[in-house]
Engineer: 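Handing you a structure now.
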Amino acid sequence: MPGPGIRTRVLFLTSLMLIIAGTTASSLYIIRSQLRRDVQANLQMDLAHSVETFQDLESDRRSALERENSLMAALPSLKALMTTNDSRTIADDAMEFWKTSGNDLFALADAEHRVEASYARDLANTDSLRQDLQAVIADASKHYLLSGGRLYEYSVRPLYFGSARDGTLLGYVISGYEIDQEFLREVGRGAGVEAVFFAQNIVTVSTLPQNLQAALRSMESQMLPEGDSAIALIGKERYLTTTKNLTEGAGQPLRLVVMKSFASADRAEREINWLVFWVSLLALAAGSVLMFLLARMVTQPLELLASGVRAFGEGDREHSLPTGGTQEVRYLSREFALMRDQIQKTNRALLEAERLATIGRMASSVSHDLRHYLASVYANAEFLASPTLPSSERAELFDEIRLAVYGTTDMLDSLLTFSRTGSALQRVPTTMSSVVERAIALVRTHPDAERVRVLLDQTDADTRTAVDTKQMERAVFNLLLNACQSARESAGLREVRASLHGDNKTVSVTVVDSGPGVAEGIRENLFDPFVSQGKQKGTGLGLTLAWSVAREHDGEVKLVSSRVGETIFRLSVARHLPESIGSANLHANRVQTS
């Protein structure tokens, strides 16, 4: 019995505490705290400078818009256009003035502030733009417009016929520019600052990369009063943020958030961490020696135990297990050895029980059918021995004996073929059509196919494949025979029809019969061995054999549909036809099989 050994937990905890306890924690904490305070102060200065830059740019652009509107309002042609008071004329001719202005936003409104024409760059449908302008231009304190997910800063200039004091008010000229990424980049240029516009807590414009846009939603709940700063985590990066409230000039919640990343500061921290690393190098070297000793003591037995588990999973039940190592490894090794022995005993018991159960089901089915066939042969043979029996009755008795012999032969063939499934396949290149034709020829000679019309639909499909012809022929034969047995129970049409289909990967055989259909009670276990509900004879191996053969050919047999008058089974197999097999080999095989 192996000794108790040393506990792995004690070894690891002791060594790690001795190496790591005082080497880096205190020094890193002090350095990092001081560095982050200095970095945050510098970032706040950059953010404040960016907000001032935005205000300056905004003021300059608004002044430029007012100058442009003054020039536009003085144009006689524009005044003449507004005197027409015709909405369609104004809307058609306003485009030329918009092109002349070169602004992102241009609109004309009448004296009652009704927008007659509106245009925006890269915007085809201006109906919503017109409605949004209509709602804000009457308020002189507003100069921001949010429309169609775009943010504009605009300026409104009255247009008079005559002088502004004594003339007649004809309408208003509205010009504006779009606040886009290019504008925001100018705000942060030089300071490395990112900027975001939130309208109604929704991101409207941002200089952040597209993959971080979704992460901005987390900032909706972090909107701070104007001038305050906060640290926000966007994606995997930390940012210092500050907010500029622009709601007063927009008529709805509008905020500018400027932010700067801590990435450069984090890089500085990493450089300092490298310095600390060199300081603690001596301690780490000592720890490496200790960890090497631990690895030899702990990991080697664990690797041996893992090899034993892997070998057991692959079927090697005699692989040696470790007897040394720590207390936990030795305990695991003993428990695994006991578990391995118990699993082997349980598997042997299960296999024996399953074998006995299978033999019992097979014996029950075979003995019942053999008694049926042998009783028929024995009774009819006694009758044939009578010297007074007419020849016509002798012929009938002989037919009954022949049917019993056929049934016994089919049953034995099914059992033999079923026992051979799973062995190596003897694949040869052939056509599935030739296999089906031979199976149909055999079925037509079977007694269960009497008074049943068995047909094969002609097809131009490519049915070339490589299969074990004997097994495949038996599988198709069983499907057809099962269909004939079902069709014989039909009170009307008694017909079985087979058809072939093929694509790039598979070849399939579809069998349709006109029988009463498959009973609901056996559809779930239709392909299990010895399922023969509703049949007067047979072992119940026909469909099981077909399913097993199809599976060995990387295919399947399935019940497609079943109702009174039409039951459809489909057998499909993979082609497995190498490119090297040419038409000459295929033709030679056809000649041989014919």
Side-chain angles (χ1 to χ4, degrees), residues 55 57-180 183 197 199-200 204 245-254:
Q55 292 173 335
L57 289 174
E58 181 190 42
S59 177
D60 293 343
R61 289 201 175 191
R62 195 181 306 163
S63 299
L65 286 176
E66 291 174 354
R67 289 195 298 271
E68 291 177 5
N69 279 354
S70 298
L71 294 174
M72 294 291 292
L75 292 176
S77 56
L78 182 58
K79 294 181 179 181
L81 175 62
M82 295 304 293
T83 58
T84 62
N85 293 323
D86 183 71
S87 299
R88 179 170 296 182
T89 302
I90 294 174
D92 292 340
D93 294 347
M95 183 176 291
E96 294 298 326
F97 294 99
W98 173 47
K99 294 178 179 177
T100 300
S101 70
N103 291 322
D104 297 329
L105 172 68
F106 182 80
L108 294 175
D110 62 12
E112 302 298 328
H113 292 95
R114 289 191 296 270
V115 178
E116 301 289 352
S118 60
Y119 299 97
R121 191 181 305 278
D122 300 327
L123 186 63
N125 187 356
T126 59
D127 292 340
S128 61
L129 175 64
R130 183 177 302 180
Q131 295 174 3
D132 295 334
L133 271 173
Q134 187 75 55
V136 297
I137 60 173
D139 190 346
S141 65
K142 304 296 185 294
H143 51 273
Y144 289 105
L145 171 67
L146 180 65
S147 179
R150 300 181 180 185
L151 183 63
Y152 301 91
E153 184 174 8
Y154 67 91
S155 175
V156 181
R157 177 77 178 184
L159 189 149
Y160 293 95
F161 182 75
S163 65
R165 176 183 295 180
D166 303 324
T168 302
L169 179 62
L170 298 177
Y172 297 89
V173 180
I174 302 104
S175 297
Y177 66 90
E178 182 179 357
I179 299 178
D180 54 10
F183 174 76
F197 266 99
Q200 296 181 342
T204 304
N245 194 344
L246 304 172
T247 302
E248 183 178 351
Q252 56 183 314
L254 181 65

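For the single chain, residues carry numbers from 1 onward in sequence order.
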Engineer: Does the side chain of L169 reach to within under 4.5 Å of the side chain of P158, using non-hydrogen atoms?
Structural biologist: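 Yes. Closest side-chain heavy atoms under 4.5 Å.
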Engineer: As a quick check of understanding, evaluate side-chain contact (heavy atoms from CB on, under 4.5 Å) for M72 and L75, giving each step before the final call.
Structural biologist: CA-CA 5 Å; M72 294 291 292; L75 292 176; 4.0 Å; yes
Engineer: So which of R121, R62, R61 actually passes side-chain contact (heavy atoms from CB on, under 4.5 Å) with Y177?
Structural biologist: R61
Engineer: Please report the shortest heavy-atom distance between A120 and L129, naming the atom on each side.
Structural biologist: CB-CD2, 3.7 Å
Engineer: Working to the nearest 0.5 Å, report the span between CZ of R150 and CG of D104.
Structural biologist: 9.0 Å
Engineer: Shortest non-hydrogen contact from L108 to M82?
Structural biologist: CD1-SD, 4.1 Å
Engineer: Backbone N or O of N103 within a donor-acceptor pair of the W98 side chain at under 3.5 Å?
Structural biologist: yes
Engineer: Which heavy-atom pair separates I90 from A117 by the least distance, and what is that distance?
Structural biologist: O-CB, 4.1 Å
Engineer: To the nearest 0.5 angstrom, please state how far the OG atom of S147 sits from the CG atom of L105.
Structural biologist: 8.5 Å
Engineer: Within a strict 4.5 Å, meaning less than it, do heavy atoms of the Y172 and I137 side chains meet?
Structural biologist: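 Sidechains of I137 and Y172: no contact.
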Engineer: Do F97 and V173 come close enough that some side-chain heavy atom pair is under 4.5 Å?
Structural biologist: no
Engineer: Is the backbone N or O of H143 less than 3.5 Å from a side-chain atom of E153, with the two atoms forming a donor-acceptor pair by type?
Structural biologist: no
Engineer: At what distance, to the nearest 0.5 angstrom, does CD of E116 lie from CG of D86?
Structural biologist: 8.5 Å
Engineer: Hey, what do you get for CZ (R130) to OH (Y119), rounding to the nearest 0.5 Å?
Structural biologist: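 Separation between the atoms: 8.0 Å.
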Engineer: To the nearest 0.5 angstrom, please state how far the CZ atom of R67 sits from the OG atom of S175.
Structural biologist: 13.0 Å
Engineer: Show your reasoning for whether side-chain contact (heavy atoms from CB on, under 4.5 Å) applies to L159 and K79.
Structural biologist: CA-CA 7 Å; L159 189 149; K79 294 181 179 181; 3.7 Å; yes
Engineer: For residues A94 and F106, report the shortest heavy-atom separation together with the two atoms involved.
Structural biologist: O-CE2, 3.7 Å
Engineer: Decide yes or no on side-chain contact (heavy atoms from CB on, under 4.5 Å) for T83 and L170, but give the supporting numbers first.
Structural biologist: CA-CA 7 Å; T83 58; L170 298 177; 3.8 Å; yes
Engineer: Where is the tightest heavy-atom contact between T89 and L81, given as atom of each residue plus distance?
Structural biologist: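 Nearest heavy atoms, T89 then L81: O-CD1, 3.7 Å.
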Engineer: Measure the spacing between CG of L71 and OG1 of T100 and express it to the nearest 0.5 Å.
Structural biologist: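 Going from CG on L71 over to OG1 on T100, the span is 12.0 Å.
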Engineer: If the condition is side chain to side chain contact (heavy atoms under 4.5 Å, CB included), which residues does Q131 pass it with, not counting sequence neighbours?
Structural biologist: none
Engineer: Might you point out which heavy atoms bring R157 and A73 nearest each other, and give the distance in Å?
Structural biologist: CG-CB, 4.0 Å
Engineer: Could you walk me through whether L146 and L254 pass side-chain contact (heavy atoms from CB on, under 4.5 Å), step by step?
Structural biologist: CA-CA 9 Å; L146 180 65; L254 181 65; over 6 Å; no
Engineer: Determine which pairs satisfy salt bridge (Lys or Arg N to Asp or Glu O under 4.0 Å) with at least one residue from residues 132-146, sequence neighbours left out, and list them in order.
Structural biologist: D139-K142
Engineer: Is a side-chain N or O of S59 found less than 3.5 angstrom from the main chain of Q55, in a donor-acceptor match?
Structural biologist: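 Judged by distance alone, no pair lies under 3.5 Å.
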